[in-house]
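Here the structure is laid out as structure tokens; the discussion comes afterwards.
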Amino acid sequence: MSNILEYKGYYTRIEYDNVDKVLYGKIEGINDFVNFESNHAENIENEFHMAVDDYLIYCKEKGIEPDKTYSGKFNVRISKELHKKIVFEAFKQGMSLNQYVERAIGLYTDVNI
């Protein structure tokens, strides 16, 4: 059982509002705000699909590039000591810092890089 949905490379987390008695979500990982809701669980996935499709149609009509969910770039703040240590470890392995961090995250998450 999961409340995470994926469609056309876009993701959402389905939540429940107990005041309004609706299921709802928004497209995650983009700068634009695109949300959707449904009163019925069997319709929520379709509402998400329609929200993504509507977003893509809107962008096309306006001649703008739709936000991609993830660019592959992110900033991480760590201690100076850890930064120094991983730069040196990457250097010893003949890797850039980015390569080293990407490899470490891949190993930690079981994602083959």
Side-chain angles (χ1 to χ4, degrees):
M1 178 169 66
S2 174
N3 62 336
I4 306 295
L5 299 175
E6 184 274 332
Y7 178 65
K8 294 185 176 181
Y10 293 91
Y11 294 87
T12 189
R13 176 186 316 273
I14 303 301
E15 310 243 3
Y16 178 67
D17 181 331
N18 66 349
V19 173
D20 292 331
K21 307 293 186 220
V22 296
L23 295 165
Y24 68 94
K26 69 179 188 74
I27 298 176
E28 297 291 339
I30 64 173
N31 291 323
D32 297 312
F33 181 74
V34 180
N35 66 338
F36 56 93
E37 67 179 46
S38 177
N39 293 322
H40 304 287
E42 59 272 4
N43 296 338
I44 195 66
E45 187 169 2
N46 188 54
E47 292 293 334
F48 170 53
H49 291 186
M50 289 190 320
V52 170
D53 290 340
D54 288 348
Y55 172 65
L56 296 174
I57 290 167
Y58 171 81
C59 290
K60 186 174 183 177
E61 287 175 351
K62 294 294 182 183
I64 58 176
E65 195 67 30
D67 269 354
K68 302 297 182 200
T69 53
Y70 299 99
S71 67
K73 300 176 189 176
F74 65 98
N75 294 318
V76 178
R77 288 179 177 76
I78 58 176
S79 70
K80 291 177 185 178
E81 296 79 19
L82 181 58
H83 189 174
K84 181 178 178 180
K85 185 174 183 176
I86 63 174
V87 167
F88 185 65
E89 289 299 318
F91 174 76
K92 288 193 310 189
Q93 294 186 29
M95 304 170 88
S96 70
L97 177 59
N98 283 340
Q99 291 169 320
Y100 187 84
V101 170
E102 181 177 25
R103 185 176 190 203
I105 291 170
L107 291 170
Y108 182 78
T109 60
D110 294 328
V111 175
N112 294 323
I113 305 294

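Atom set for the values below is all heavy atoms of this structure, side chains included, hydrogens, waters and symmetry mates excluded. The first residue of the sequence shown is numbered 1, and numbering continues consecutively from there.
A continuous path of Ile, Leu, Val, Met, Phe, Trp and Tyr side chains, each step under 4.5 Å between heavy atoms, connects Met95 with Leu97, placing both in one hydrophobic cluster.
With sequence neighbours left out, the side chain to side chain contact (heavy atoms under 4.5 Å, CB included) criterion links Tyr7 to Phe48, His49, Val52, Asp53. Taking the salt bridge (Lys or Arg N to Asp or Glu O under 4.0 Å) definition, one finds that Glu28 meets it with Lys26, sequence neighbours left out. Listed by chain and number, the residues in a side chain to side chain contact (heavy atoms under 4.5 Å, CB included) with Lys62 are Tyr58, Ile64 (sequence neighbours excluded). Scanning for side-chain hydrogen bond (donor to acceptor under 3.5 Å, both in side chains) contacts around Tyr24 gives an empty result, with sequence neighbours left out. Remark: Val76 pairs with Phe74, Ile78 by the side chain to side chain contact (heavy atoms under 4.5 Å, CB included) rule, at least two apart or across chains. Partners of Glu45 under the side-chain hydrogen bond (donor to acceptor under 3.5 Å, both in side chains) rule, at least two apart in sequence or in another chain, do not exist in this structure.
The salt bridge (Lys or Arg N to Asp or Glu O under 4.0 Å) pairs that include a residue from residues 80-94 are Glu89-Lys92, where partners are two or more places apart or lie in different chains. Pairs passing the side-chain hydrogen bond (donor to acceptor under 3.5 Å, both in side chains) check and including a residue from residues 35-44, sequence neighbours excluded, do not occur. Applying the salt bridge (Lys or Arg N to Asp or Glu O under 4.0 Å) definition to pairs two or more places apart or across chains, none involves residues 11-21. Pairs of residues two or more places apart, or lying in two chains, that qualify as salt bridge (Lys or Arg N to Asp or Glu O under 4.0 Å) and include a residue from residues 65-74 are Glu65-Lys68.
Here Met50 sits alone; no ILVMFWY side chain lies under 4.5 Å from its own, so it joins no hydrophobic cluster. Taking Ile, Leu, Val, Met, Phe, Trp and Tyr as hydrophobic and joining them when side-chain heavy atoms fall under 4.5 Å apart, one finds Val19 isolated, its cluster having no other members.
Between Val87 and Tyr100 there is no side-chain heavy-atom pair separated by less than 4.5 Å. Tyr10 places none of its side-chain heavy atoms less than 4.5 Å from the side chain of Val34.
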